[in-house]
Each structure stands twice: as structure tokens, then as C-alpha cells.
There are 2 protein chains.
Amino acid sequence: MRADAQRNAEKLRTAAAELFHERGLHAPLKEIARRAGVSHGTLYNLFGSREALINEVVTDLAAARLGQIAEHALAHDDAWDGFAYYVEALCELQITDPAISDVVTGRYPGAESLMVLCERSRASGTRIIERAQQAGVLRPDFTREDLLFLLGANAVLARATKDTAPDSWRRSVAFTLDGLRTEAAHHPLPPAALTAPQFYEVMGALADTR
Amino acid sequence: MRADAQRNAEKLRTAAAELFHERGLHAPLKEIARRAGVSHGTLYNLFGSREALINEVVTDLAAARLGQIAEHALAHDDAWDGFAYYVEALCELQITDPAISDVVTGRYPGAESLMVLCERSRASGTRIIERAQQAGVLRPDFTREDLLFLLGANAVLARATKDTAPDSWRRSVAFTLDGLRTEAAHHPLPPAALTAPQFYEVMGALADTR
DNA sequence: AGCTTACTTGACCACGGGGTCAAATTCCGT
DNA sequence: ACGGAATTTGACCCCGTGGTCAAGTAAGCT
């Protein structure tokens with residue numbers, strides 16, 4: 001690789017990281033190139049696809065942040081506090097970092113490594129959920145799919161309110177958390193039971209919502 | 001108005017009603033014209049703007065449905081049942097009729113009459129909320145803005161799941177409702193306090209989410 | 001039937017997104 | 001400092017959206 005190409009790739013990575021961070025994984029490629037001070041042709045040249053760019057710029061960072069949050073959640077002695085921390089931290093991430101938020105809610109079905117990451121994150125989520133349920137504090141009918149839906153819904157709200165009332169999401173999350181405690185459960189819930197493919201279809205549809 | 005123009009207007013109204021119903025108030029005008037079997041020029045000719053079309057095709061219908069739901073909610077003897085019915089009915093509306101859902105969540109800031117309607121609907125909502133709070137069953141820190149956020153979040157979820165798991169929204173709504181009962185309240189909530197203009201700004205942002 | 005006028009059409013504009021590729025440019029080894 | 005190869009550029013294509021308007025068409029009055 002020639003030196004100039006290397007430099008351009010670096011400029012593009014930087015610009016991409018910025019724009020993804022500001023606007024999420026759907027930021028226009030042409031705008032990334034513009035910010036990097038480079039023609040969009042060059043971007044296609046050096047990376048070929050949005051996915052490649054995402055892999056180089058978002059994946060590791062997202063993995064680190066998500067791992068950290070899951071770890072921190074499990075570090076709470078109280079299972080409920082851990083669960084609540086986990087939910088709140090992920091929700092907060094959705095305003096502070098739309099790119100990572102897109103990873104969590106599976107908003108970018110195109111990128112292999114992201115799906116892996118998403119899967120790993122769901123696994124941590126499951127562990128945190130199960131711990132809270134075994135401790136008897138989280139209602140037993142709450143599933144990891146429900147958690148993802150919760151996050152998906154919050155993502156929309158958080159983005160809509162972030163410029164006007166940046167903390168609004170805390171209210172709705174607080175309401176929801178109160179409804180997730182074991183003693184809050186009132187009636188049997190309507191069934192969930194999504195198969196894995198169904199689930200990904202749904203998350204894909206959520207993605208189109210952008 | 002000439003007879004053929006009248007006929008075309010009617011065809012357009014029909015097509016618009018269908019598409020709005022299927023896809024919400026943001027359905028492309030050109031597609032409405034296409035479905036009506038008429039050039040898009042004619043649409044602009046006869047109606048001039050999307051808002052005009054909405055007024056003729058959605059407003060009354062939406063007013064009727066919303067009025068009916070509010071009335072039905074207040075008809076419940078039990079204040080909680082009334083509130084829960086209201087929330088669930090509105091959420092259900094969001095899959096069965098995206099157009100009306102757009103009205104409720106204020107997704108079309110351009111149309112005057114819709115804003116009036118939206119305001120009226122919020123007023124009914126307030127009545128239903130207050131009744132439940134006075135009966136001591138709905139937590140007193142729940143506001144009508146919170147309700148709108150709830151609906152906005154649900155709208156996204158409902159649309160994402162309607163083809164795959166059409167009843168998923170019922171689960172998340174059930175969780176949330178359980179968290180709204182007086183006895184579920186655990187901690188003081190983060191502040192709400194949106195001014196009216198702020199609130200409309202937020203709903204506008206929610207609209208861009210589409 | 002003829003003619004005026006209302007109406008319709010579809011090509012056209014602008015915008016913004018994704019993506020391609022021939023030609024121009026720049027690097028760098030010799 | 002030259003020349004071949006790597007790299008970049010930006011004009012060009014696609015698509016779908018909103019919107020306008022001159023020219024063509026047909027309704028319906030006399």
C-alpha cells in the first residue's frame with residue numbers, strides 16, 4: 001500500500017469514527033469522505049463497503065464498551081441493581097453513542113462481525129437477566145428478546161429527545177424497570193416465543209426505522 | 001368543477017385513504033397518484049399539498065376513532081381498567097392504522113387540523129390519567145407527556161414487529177403498565193417538565209424517526 | 001359540431017442517497 | 001528525473017422523494 005493511500009485510509013477512518021459516533025451506522029458514506037477531505041471514490045476504493053469501514057472503526061470499540069458494561073453489571077452484589085445498571089447503561093449509550101447503540105439493537109444486519117458482537121452482547125444480557133431472576137427480583141417472564149425490544153424503543157425516544165430534553169429517557173426507563181420487578185407482575189403476559197430468524201427479522205425491521 | 005376532475009379527486013381520495021392507512025401519513029404522493037391511476041401532476045392540481053389530502057381523508061376518521069376510544073375508556077367503572085384499555089387501544093391502533101397512529105403521536109406537524117385533533121386527543125388522555133390517579137391506582141408522577149412517549153416508543157416497536165410477531169407489542173405494553181400502578185413506584189423519578197414548545201419539538205423529532 | 005376553457009399529462013427541476021469507472025494525478029523505485 | 005504502476009478524482013449512473021409547468025387533451029356549453 002502506498003504511503004498516500006495509507007494516509008487517506010487513516011483520514012477516512014477518523015472521519016468515519018466521528019460520523020458514526022455522531023449519527024449512527026447509517027451516516028452517508030459521501031459525507032464521511034467529505035469530512036475526510038477525500039473523494040468518495042477513494043472511500044469505495046480503500047474500503048469497498050460500509051461494512052468494512054464499520055469493522056475497522058466501530059467493532060472493537062463497541063466490543064470494549066459493551067463488555068465493560070456487562071462486567072460492571074455483574075460486579076454489583078445486588079442482582080437487581082446489576083440488572084438495572086445494565087439496562088440504564090445501555091440506554092444511556094444510545095444517546096452518547098448512536099453507533100454502539102446500532103450495534104446493540106442489531107441495526108446493521110450487513111456486517112458479520114457486528115452480528116457476532118451483537119450475539120455476544122445478548123449472551124451477557126441473558127446472564128444478567130438470569131441472575132436477577134434466580135435472585136427472585138426480576139419477573140420470571142422477562143426474556144432477552146424483551147430486553148432488546150426495550151432497548152429498541154428507548155433508542156427512538158432517546159434520539160428524539162436528546163436535543164430538547166436529554167434526560168427524558170430516564171423517566172420511561174424508570175417506569176419500565178418498576179414494571180419488571182417480580183412483585184409488579186399482575187397478569188400472565190401474552191406469549192413471546194420468537195424463533196431466532198423471526199427475531200432477526202424484527203430487529204432488521206427496527207433498523208429500517210432508523 | 002368538471003365531472004372528470006371530480007372523478008379523479010375521488011379516485012385520489014380513495015387511493016390516499018388506502019395508502020395512508022397502510023403506510024402512514026408519509027406515504028409518497030407519487031405513489032398515491034400511481035395507485036389512483038392518475039398523473040402526480042393531477043394530484044398537486046386537485047389538492048395542492050399533502051396536508052389538504054390528509055384533511056379530506058384522515059382527519060374525520062381519526063377524530064371518530066380517537067373520540068370513541070376515549071369515551072370507551074371513561075365508560076369503564078374501574079379507573080385502572082379504563083386507563084389500561086386506553087393505552088392498549090391506542091397502541092393497537094398503531095399497527096392497525098398507521099395513519100391514525102401518526103395523528104396521535106403528532107407525527108404530522110404540517111397539518112393544522114391534525115394538530116387540533118392531536119391536542120383534543122391529549123386532553124382526553126389527561127382526563128383518563130387524572131381519573132386513574134385520583135382513584136389512587138395510577139402512580140401520581142405519570143404525566144400525559146409520559147403517555148405520549150410511551151405511545152411513540154410503541155409505534156416503532158409495533159411497526160417493526162407487525163409482520164413477524166404482530167402481538168409482541170402487547171408484552172412490552174404489559175410490562176410498562178405494570179410499572180405504572182401506584183404500588184409499583186419505587187424511587188422518585190427524574191424530572192419531566194417539558195414546556196409546550198419543547199414537547200412539540202420532541203414530537204417533531206420523533207416524527208423524523210418515522 | 002365547434003370552440004373555449006378546465007383539466008391532465010409527463011418531462012423536467014432539485015435534492016440526497018448508493019455505487020462505478022475512465023482519465024488524471026501522484027508516488028516511488030530505478 | 002523519469003516512467004510505470006498505484007491511487008485519486010469527479011463526472012456519471014441508478015433510485016426515490018417533493019414539486020412545477022408548458023403543451024396536449026377532452027368536457028361540455030352554445
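All chains are named by letter (A, B, ...) in the order of the sequence lines, taking the proteins before the strands, and each is independently numbered beginning at 1.
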Between atom [atom1] in [X] and atom [atom2] in [N], what is the gap in whole Å?
X: Arg2(A); N: dT25(C); atom1: CZ; atom2: P; value: 14 Å
X: Phe47(A); N: dG18(C); atom1: CZ; atom2: P; value: 16 Å
X: Leu12(B); N: dC7(C); atom1: CG; atom2: P; value: 14 Å
X: Arg34(B); N: dG18(D); atom1: CZ; atom2: P; value: 10 Å
X: Leu19(A); N: dG17(C); atom1: CG; atom2: C1'; value: 14 Å
X: Asn8(B); N: dA26(D); atom1: CG; atom2: P; value: 12 Å
X: Leu46(B); N: dT9(C); atom1: CG; atom2: C1'; value: 13 Å
X: Ile32(A); N: dG16(C); atom1: CD1; atom2: P; value: 17 Å

task = State whether Thr42(B) places a side-chain N or O below 4.0 Å from either non-bridging phosphate oxygen (OP1 or OP2) of dT9(C).
result =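 Yes, within the criterion.
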query = Quick one: are the ring centres of Phe83(A) and Phe142(A) less than 6.0 Å apart?
reply =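 Aromatic pair counts; centres sit under 6.0 Å.
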request  = For Glu31(A) and for Gly48(A), locate the closest nucleotide of DNA chain C by heavy-atom distance; then report the residue assigned to the nucleotide nearer the 5' terminus.
outcome  =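 Nearer the 5' end of the strand: Glu31(A).
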message = Pick the closest DNA chain D nucleotide for Ala3(B) and for Ala9(A) by heavy atoms, then say which residue is nearer the 5' end.
response =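 Checking each residue's closest nucleotide, the 5'-ward one belongs to Ala9(A).
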message = Both Gly37(A) and Leu29(B) contact DNA chain D. Taking the nearest nucleotide for each, which residue is further toward the 5' end?
response =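 On the 5' side of the pair lies Gly37(A).
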Among [options], find the nucleotide with the atom closest to the side chain of [X].
X: Asp4(A); options: dG17(C), dT7(D), dG18(D); result: dT7(D)
X: Met1(B); options: dG28(D), dC7(C), dT20(C); result: dC7(C)
X: Ser39(B); options: dT8(D), dG19(C), dG10(C); result: dG10(C)

key: Side-chain donor/acceptor contact of Lys30(B) with base of dG16(D) under 3.5 Å   =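 Side chain to base: no pair below 3.5 Å.
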request  = Indicate, yes or no, whether a donor-acceptor pair under 3.5 Å links the base of dG10(D) to the side chain of His40(A).
outcome  =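 Absent.
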request  = Verify side chain to side chain contact (heavy atoms under 4.5 Å, CB included) between Glu31(B) and Arg34(B), making sure each step is shown before the conclusion.
outcome  = CA-CA 5 Å; Glu31(B) 195 161 334; Arg34(B) 212 176 304 138; 3.8 Å; yes
key: Aromatic plane relationship, Tyr44(B) with His40(B) - under 30° parallel, 30 to 60° tilted, over 60° perpendicular   =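 Because their plane-to-plane angle is over 60°, the rings of His40(B) and Tyr44(B) count as perpendicular.
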message = What's Asn45(B) touching, base or sugar-phosphate or nothing? Going by heavy atoms closer than 4.0 Å.
response =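 If one applies the 4.0 Å heavy-atom cut-off, Asn45(B) turns out to touch a base.
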request  = Using a strict 4.0 Å threshold on nitrogen-to-oxygen distance, state whether Arg127(A) and Glu130(A) make a salt bridge.
outcome  =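 Not counted as a salt bridge, because no side-chain N and carboxylate O are separated by less than 4.0 Å.
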key: Between His21(B) and Asp97(B): side-chain donor-acceptor atoms closer than 3.5 Å   =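 Yes, because at least one side-chain N or O of His21(B) sits under 3.5 Å from a partner of the opposite role on Asp97(B).
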